[in-house]
Amino acid sequence: MNGNRTLTMIKPTAVKNGHTGAILAKIYEAGFRIIAMKYLKLSEEQAKAFYAVHKERPFYNDLVDFMSSGPIVAAILEKNNAVEEYRRVIGATDPANAEEGTVRKLYGTNIQENAVHGSDSDDNAIIESDFFFSKLERFDLI
Ligand code: ATP
Ligand code: MG
(Lines give C-alpha, C1' and ligand atoms only; values in the text may rest on other atoms or scores of the structure.)
(Ligands and ions follow the chains in the order given, each with its own letter.)
Protein backbone atom coordinates (compact mmCIF):
# COMPACT_ATOMS: atom_id res chain seq x y z
CA MET A 1 0.00 0.00 0.00
CA ASN A 2 1.28 3.46 -0.84
CA GLY A 3 1.80 5.91 2.00
CA ASN A 4 0.20 9.30 2.44
CA ARG A 5 3.17 11.46 3.41
CA THR A 6 6.17 12.98 1.70
CA LEU A 7 8.90 15.41 2.66
CA THR A 8 9.68 18.50 0.62
CA MET A 9 12.31 21.20 0.81
CA ILE A 10 12.09 24.49 -1.05
CA LYS A 11 15.74 24.89 -2.03
CA PRO A 12 17.90 27.99 -1.39
CA THR A 13 17.67 29.60 -4.85
CA ALA A 14 13.88 29.33 -4.95
CA VAL A 15 13.64 30.85 -1.46
CA LYS A 16 16.10 33.62 -2.38
CA ASN A 17 14.17 34.40 -5.57
CA GLY A 18 10.96 34.86 -3.61
CA HIS A 19 9.12 31.76 -4.87
CA THR A 20 8.22 30.30 -1.45
CA GLY A 21 4.64 31.61 -1.47
CA ALA A 22 3.94 30.53 -5.05
CA ILE A 23 5.33 27.04 -4.42
CA LEU A 24 3.26 26.62 -1.25
CA ALA A 25 0.20 27.73 -3.25
CA LYS A 26 0.92 25.02 -5.87
CA ILE A 27 1.22 22.47 -3.07
CA TYR A 28 -2.19 23.43 -1.63
CA GLU A 29 -3.80 23.63 -5.10
CA ALA A 30 -2.60 20.07 -5.75
CA GLY A 31 -4.57 18.93 -2.70
CA PHE A 32 -1.80 18.43 -0.16
CA ARG A 33 -2.15 19.33 3.50
CA ILE A 34 0.84 20.66 5.43
CA ILE A 35 1.49 18.56 8.53
CA ALA A 36 4.73 20.30 9.57
CA MET A 37 6.81 23.17 8.24
CA LYS A 38 9.95 25.14 9.13
CA TYR A 39 12.28 27.79 7.73
CA LEU A 40 15.93 27.01 8.46
CA LYS A 41 19.46 26.95 7.11
CA LEU A 42 21.21 23.58 6.97
CA SER A 43 24.81 23.41 8.16
CA GLU A 44 27.28 21.69 5.85
CA GLU A 45 27.23 18.67 8.19
CA GLN A 46 23.42 18.51 8.12
CA ALA A 47 23.31 18.77 4.31
CA LYS A 48 25.91 15.99 4.08
CA ALA A 49 23.83 13.80 6.35
CA PHE A 50 20.58 14.49 4.51
CA TYR A 51 22.14 13.61 1.14
CA ALA A 52 24.36 10.74 2.41
CA VAL A 53 22.62 8.35 -0.04
CA HIS A 54 24.20 10.38 -2.87
CA LYS A 55 27.74 10.53 -1.44
CA GLU A 56 29.24 8.49 -4.28
CA ARG A 57 27.61 10.64 -6.98
CA PRO A 58 29.84 13.21 -8.77
CA PHE A 59 27.52 16.10 -7.84
CA TYR A 60 27.48 15.34 -4.08
CA ASN A 61 29.93 18.03 -2.87
CA ASP A 62 28.35 20.74 -5.03
CA LEU A 63 24.90 19.71 -3.86
CA VAL A 64 25.95 19.87 -0.19
CA ASP A 65 27.50 23.34 -0.71
CA PHE A 66 24.37 24.53 -2.48
CA MET A 67 21.90 23.13 0.03
CA SER A 68 23.78 24.72 2.93
CA SER A 69 24.21 28.07 1.13
CA GLY A 70 21.01 29.73 2.36
CA PRO A 71 17.69 29.22 4.07
CA ILE A 72 15.25 26.54 2.94
CA VAL A 73 11.68 25.64 3.80
CA ALA A 74 11.13 22.02 4.87
CA ALA A 75 7.64 20.54 5.12
CA ILE A 76 5.81 17.26 5.57
CA LEU A 77 2.97 16.98 3.04
CA GLU A 78 -0.04 14.69 3.24
CA LYS A 79 -2.20 13.29 0.45
CA ASN A 80 -3.09 9.78 -0.76
CA ASN A 81 -0.12 8.27 -2.60
CA ALA A 82 1.87 11.34 -1.54
CA VAL A 83 5.35 10.41 -2.83
CA GLU A 84 4.22 9.70 -6.39
CA GLU A 85 1.64 12.50 -6.48
CA TYR A 86 4.15 15.09 -5.31
CA ARG A 87 6.79 13.98 -7.79
CA ARG A 88 4.17 14.51 -10.51
CA VAL A 89 3.59 18.06 -9.21
CA ILE A 90 7.31 18.94 -9.12
CA GLY A 91 8.32 17.37 -12.46
CA ALA A 92 11.64 15.96 -13.72
CA THR A 93 14.92 16.53 -11.85
CA ASP A 94 16.23 18.83 -14.61
CA PRO A 95 13.86 21.80 -15.01
CA ALA A 96 14.69 21.82 -18.73
CA ASN A 97 13.04 18.38 -19.01
CA ALA A 98 10.16 19.06 -16.61
CA GLU A 99 6.61 19.25 -17.93
CA GLU A 100 4.91 22.63 -18.38
CA GLY A 101 3.23 23.82 -15.22
CA THR A 102 5.34 21.74 -12.84
CA VAL A 103 7.12 23.42 -9.92
CA ARG A 104 10.57 22.72 -11.33
CA LYS A 105 9.61 24.03 -14.78
CA LEU A 106 8.14 27.19 -13.27
CA TYR A 107 10.65 27.92 -10.52
CA GLY A 108 13.77 25.80 -11.16
CA THR A 109 17.03 27.39 -12.33
CA ASN A 110 19.08 24.35 -13.40
CA ILE A 111 19.48 20.62 -12.62
CA GLN A 112 21.05 21.37 -9.22
CA GLU A 113 19.03 24.46 -8.28
CA ASN A 114 15.77 22.77 -9.19
CA ALA A 115 13.47 24.62 -6.76
CA VAL A 116 12.34 21.70 -4.58
CA HIS A 117 13.11 18.29 -3.15
CA GLY A 118 10.57 15.48 -2.97
CA SER A 119 11.05 12.11 -1.24
CA ASP A 120 11.52 9.18 -3.62
CA SER A 121 9.89 6.42 -1.53
CA ASP A 122 7.66 5.95 1.50
CA ASP A 123 10.63 4.71 3.55
CA ASN A 124 12.68 7.77 2.67
CA ALA A 125 9.71 10.04 3.36
CA ILE A 126 9.73 8.74 6.95
CA ILE A 127 13.52 9.00 7.32
CA GLU A 128 13.56 12.53 5.87
CA SER A 129 10.57 13.69 7.95
CA ASP A 130 12.29 12.42 11.10
CA PHE A 131 15.43 14.31 10.05
CA PHE A 132 13.61 17.65 10.32
CA PHE A 133 10.65 17.22 12.66
CA SER A 134 9.90 15.91 16.13
CA LYS A 135 6.44 14.55 17.01
CA LEU A 136 5.64 17.85 18.75
CA GLU A 137 6.19 19.72 15.48
CA ARG A 138 3.58 17.73 13.49
CA PHE A 139 -0.11 18.57 13.33
CA ASP A 140 -2.82 16.30 11.99
CA LEU A 141 -5.53 18.81 11.15
CA ILE A 142 -8.61 16.99 9.94
P1 ATP B 1 15.27 15.37 -5.14
O2 ATP B 1 15.87 14.18 -4.42
O3 ATP B 1 15.92 16.71 -4.76
O4 ATP B 1 13.78 15.43 -5.08
P5 ATP B 1 15.48 13.95 -7.59
O6 ATP B 1 15.02 12.77 -6.83
O7 ATP B 1 14.70 14.37 -8.79
O8 ATP B 1 15.62 15.22 -6.68
P9 ATP B 1 18.14 12.90 -7.30
O10 ATP B 1 18.73 11.99 -8.32
O11 ATP B 1 17.65 12.34 -6.00
O12 ATP B 1 16.98 13.75 -8.02
O13 ATP B 1 19.21 14.01 -7.01
C14 ATP B 1 19.15 14.79 -5.84
C15 ATP B 1 19.47 16.23 -6.18
O16 ATP B 1 20.81 16.30 -6.63
C17 ATP B 1 18.66 16.83 -7.32
O18 ATP B 1 17.41 17.35 -6.92
C19 ATP B 1 19.57 17.93 -7.79
O20 ATP B 1 19.51 19.07 -6.92
C21 ATP B 1 20.94 17.29 -7.63
N22 ATP B 1 21.36 16.64 -8.88
C23 ATP B 1 20.90 15.49 -9.42
N24 ATP B 1 21.52 15.17 -10.56
C25 ATP B 1 22.43 16.16 -10.75
C26 ATP B 1 23.41 16.43 -11.75
N27 ATP B 1 23.56 15.61 -12.79
N28 ATP B 1 24.16 17.54 -11.62
C29 ATP B 1 24.01 18.38 -10.56
N30 ATP B 1 23.12 18.19 -9.58
C31 ATP B 1 22.33 17.10 -9.67
MG1 MG C 1 15.87 12.18 -4.97
Side-chain angles (χ1 to χ4, degrees), residues 1-135 137-141:
M1 202 185 96
N2 292 331
N4 62 354
R5 297 215 174 159
T6 191
L7 184 283
T8 190
M9 295 183 285
I10 304 176
K11 298 186 178 185
T13 311
V15 170
K16 194 158 64 186
N17 290 342
H19 297 313
T20 299
I23 292 171
L24 292 175
K26 290 280 287 180
I27 287 169
Y28 280 122
E29 280 161 20
F32 290 89
R33 296 190 306 137
I34 293 178
I35 299 297
M37 182 160 64
K38 60 174 71 164
Y39 186 44
L40 76 155
K41 186 168 179 288
L42 291 171
S43 68
E44 191 180 326
E45 289 311 310
Q46 289 167 330
K48 276 185 182 163
F50 185 89
Y51 282 111
V53 289
H54 292 312
K55 66 176 181 295
E56 307 305 331
R57 313 264 296 262
F59 57 79
Y60 177 69
N61 288 332
D62 277 354
L63 181 61
V64 165
D65 286 349
F66 166 55
M67 289 303 294
S68 57
S69 69
I72 63 164
V73 174
I76 301 174
L77 309 180
E78 186 176 82
K79 187 183 182 179
N80 284 342
N81 197 18
V83 166
E84 200 180 314
E85 285 286 302
Y86 190 59
R87 292 185 74 85
R88 203 170 48 73
V89 170
I90 67 179
T93 305
D94 186 347
N97 300 327
E99 269 190 55
E100 290 300 326
T102 59
V103 172
R104 284 169 166 167
K105 184 68 163 192
L106 288 167
Y107 305 114
T109 304
N110 56 49
I111 191 168
Q112 175 178 261
E113 299 173 51
N114 56 359
V116 288
H117 166 83
S119 304
D120 61 9
S121 67
D122 291 339
D123 286 349
N124 283 336
I126 291 168
I127 292 167
E128 293 172 1
S129 296
D130 291 347
F131 180 91
F132 284 106
F133 298 102
S134 74
K135 276 200 180 118
E137 296 170 316
R138 302 174 192 214
F139 302 94
D140 292 279
L141 310 166

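Read the numbers this way: they start at 1 and go in the same order the structure lists the ligands and their atoms.
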### Task
Do me a favour and list the nearest non-hydrogen protein atom to atom 4 (O) of ligand 1 with residue, atom name and distance?
G118 N, 2.9 Å
### Task
Name the closest protein heavy atom to atom 2 (O) of ligand 1, giving the residue it belongs to and the distance to 0.1 Å.
H117 ND1, 3.1 Å
### Query
What is the nearest protein non-hydrogen atom to atom 25 (C) of ligand 1, stated with its residue, atom name and distance?
F59 CD2, 3.4 Å
### Query
For atom 15 (C) of ligand 1, what's the nearest protein heavy atom and its distance?
L63 CD2, 3.8 Å
### Query
What orientation do F132 and F50 show, parallel under 30°, tilted 30 to 60°, or perpendicular over 60°?
tilted
### Query
How far is atom 7 (O) of ligand 1 from its nearest protein heavy atom, and which residue and atom name does that atom have?
T93 OG1, 2.5 Å
### Message
With a 6.0 Å cut-off (strictly less than), is the heavy-atom count around NZ of K38, excluding the residue itself, greater than 12?
### Response
yes
### Query
What are the two closest non-hydrogen atoms of R104 and N114, and how far apart are they?
CG-O, 2.9 Å
### Task
Compute the shortest N/O to N/O distance between E113 and ligand 1 and return yes if it is under 3.5 Å, no if not.
no
### Task
Could you list the atoms of ligand 1 found under 4.0 angstrom from a heavy atom of N114?
17 (C), 18 (O), 19 (C), 20 (O)
### Query
Considering only protein heavy atoms, which is closest to atom 28 (N) of ligand 1, and at what distance to one decimal place?
I111 CG2, 3.7 Å
### Message
How close do L7 and M9 get, counting heavy atoms only, and between which atoms?
### Response
CD1-CG, 4.2 Å
### Query
Which residue holds the protein heavy atom closest to atom 8 (O) of ligand 1, what is that atom called, and what is the gap in Å?
R104 NH2, 3.1 Å
## Note on the structure
of all protein heavy atoms, closest to atom 10 (O) of ligand 1 is R57 NH2, 3.3 Å
### Query
Would you call the rings of H19 and Y107 parallel, tilted or perpendicular if under 30° counts as parallel and over 60° as perpendicular?
tilted
